Amino acid sequence: MTSIAIIGAGPQLGLAIARTFGSQGLDVALISRNRENLDGLVNTLTAEGITAAAFPADVLDRDALTQALKDAATRFGGIDVLEYSPVAGLTTTMVSPSDAEPAHVQHEIEFQLYGAIAATKAVLPTMREAGSGTLLFTTGAGSVDPVPQVGNINAAAAALRNWAINLHKELDGTGIQSAHVGIDVSIGTPAVPGFPTAQPEEISPVYWDLHTTKRDQAELVFSL
């Protein structure tokens, strides 16, 4: 298997990860909700000599997500690397811990944790058969050091982080890597004045390292 499936692929970090892995010879399966946006990314990568294809799916639609990953595996002969980093965008309501209702947290849990679990269930059996594979799960660094203004998002991200690191422990000795990547910067442009900002091309090598030379590590936090 020589392909990576990027769930939540977009023009910033997703594209940078695609370039990092694609430049090393991996085929790239791009998965997100918007077909038109995906086609644009595929065209960009194709022009750079990287084999890529689009598989539209919403992470909240478990069946569609599972089918997209199956279609990608069929197209490329398997999936060697899964990277999960969807962005909820306008569907997210940010609330503090004291203002949060169960529904605020539930939506984020569905999006971050349950989507990751569904994606993993779609690819892990084949990885187990092969005795190799990489599972990478991305959150903001609030999963490690929470920020009150986004309490519901941080709670779900922390759940995903816990699950990814625990999966790393479970898979020890199987040849399969599971790791969490925490992003402690704004990507591309500052989200908050004065907050550290990094370009996606500065971050994406972290994923390659976890796939290759740092397979014993369950977590890397990118910061400046």
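None of the values given here were measured: they were computed from a predicted structure. Start at 1 with the first residue, then count along the sequence.
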Drop me the distance from [X]'s [atom1] to [Y]'s [atom2], to the nearest 0.5 angstrom.
X      : Y      : atom1 : atom2 : value
Ser178 : Lys169 : OG    : NZ    : 11.5 Å
Glu108 : Leu113 : CD    : CG    : 11.5 Å
Arg19  : Ser204 : CZ    : OG    : 9.5 Å
Lys70  : Ile79  : NZ    : CD1   : 11.5 Å
Asn152 : Gln106 : CG    : CD    : 11.5 Å
Leu30  : Phe55  : CG    : CZ    : 8.5 Å

Could you please spell out the steps behind the side chain to side chain contact (heavy atoms under 4.5 Å, CB included) verdict for Glu170 and Asn166? CA-CA 6 Å; Glu170 179 189 355; Asn166 208 13; 6.0 Å; no
In the structure I gave you, are the side-chain heavy atoms of [X] and [Y] within less than 4.5 Å of one another anywhere?
X      : Y      : value
Leu15  : Leu45  : yes
His180 : Ser143 : yes
Ile176 : Leu124 : yes
Asp184 : Phe222 : no
Ile153 : Gln112 : yes
Glu110 : Arg62  : yes
Tyr207 : Leu13  : yes
Val28  : Ser3   : no

State yes or no: do [X] and [Y] share one hydrophobic cluster built from I, L, V, M, F, W and Y residues joined by side-chain heavy-atom distances below 4.5 Å, directly or via other members?
X      : Y      : value
Leu65  : Phe76  : yes
Leu69  : Tyr84  : yes
Val123 : Ile4   : no
Ile165 : Ile183 : no
Ile31  : Val59  : yes

Would you mind listing the cluster partners of Val95? Hydrophobic ones only (ILVMFWY), side-chain contacts under 4.5 Å, chaining allowed.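 Result for Val95 is none, singleton.
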Any chance you could pull the hydrophobic cluster mates of Val144, using side-chain heavy atoms under 4.5 angstrom and chaining through other members?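 Its cluster partners, ordered by chain and number, are Val221.
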Closest contact, heavy atoms only, [X] versus [Y]:
X      : Y      : result
Leu26  : Ile50  : O-CG2, 4.4 Å
Thr138 : Glu83  : OG1-OE2, 2.8 Å
Leu171 : Leu135 : CD1-CD1, 4.1 Å
Val42  : Ala52  : CG1-O, 3.6 Å
Val147 : Asn154 : N-OD1, 2.6 Å
Ala57  : Ala68  : CB-CB, 3.8 Å

Spell out, as yes or no, whether a donor-acceptor pair under 3.5 Å connects the side chain of [X] to the backbone of [Y].
X      : Y      : answer
Asn43  : Asp39  : yes
Thr139 : Gly182 : no
Thr51  : Asp27  : no
His104 : Glu101 : yes

Within residues 211-221 or reaching into it, pairs that qualify as salt bridge (Lys or Arg N to Asp or Glu O under 4.0 Å) - sequence neighbours excluded: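 Residue pairs with at least one partner in residues 211-221: Arg161-Glu219.
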Leu82 and side-chain contact (heavy atoms from CB on, under 4.5 Å): which partner among Ile6, Leu136, Ile7?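 Of Ile6, Leu136, Ile7, side-chain contact (heavy atoms from CB on, under 4.5 Å) with Leu82 is met by Ile7 alone.
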Filter on ring-ring contact (aromatic ring centres under 6.0 Å, His included), then keep only pairs touching residues 2-42, sequence neighbours left out; what's left?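 Every ring-ring contact (aromatic ring centres under 6.0 Å, His included) pair that includes a residue of residues 2-42, provided the two are not neighbours, is Phe21-Trp208, Phe21-His211.
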Where at least one partner belongs to residues 143-177, residue pairs that pass ring-ring contact (aromatic ring centres under 6.0 Å, His included), sequence neighbours excluded: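 The answer is Phe137-Trp163.
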Do Asp99 and Ser96 pair up side chain to side chain, a donor and an acceptor below 3.5 Å, judged on atom types alone?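 There is such a pair between these side chains.
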Partners meeting side-chain contact (heavy atoms from CB on, under 4.5 Å) with Pro196 (sequence neighbours left out):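 Checked Pro196 against side-chain contact (heavy atoms from CB on, under 4.5 Å); matches are Val185, Leu224.
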For a salt bridge (charged side-chain N to carboxylate O under 4.0 Å, His left out) check, start with the C-alpha distance between Asp71 and Arg75, then their side-chain angles and the critical distance, and finish with the verdict. CA-CA 6 Å; Asp71 291 344; Arg75 171 71 178 271; over 6 Å; no
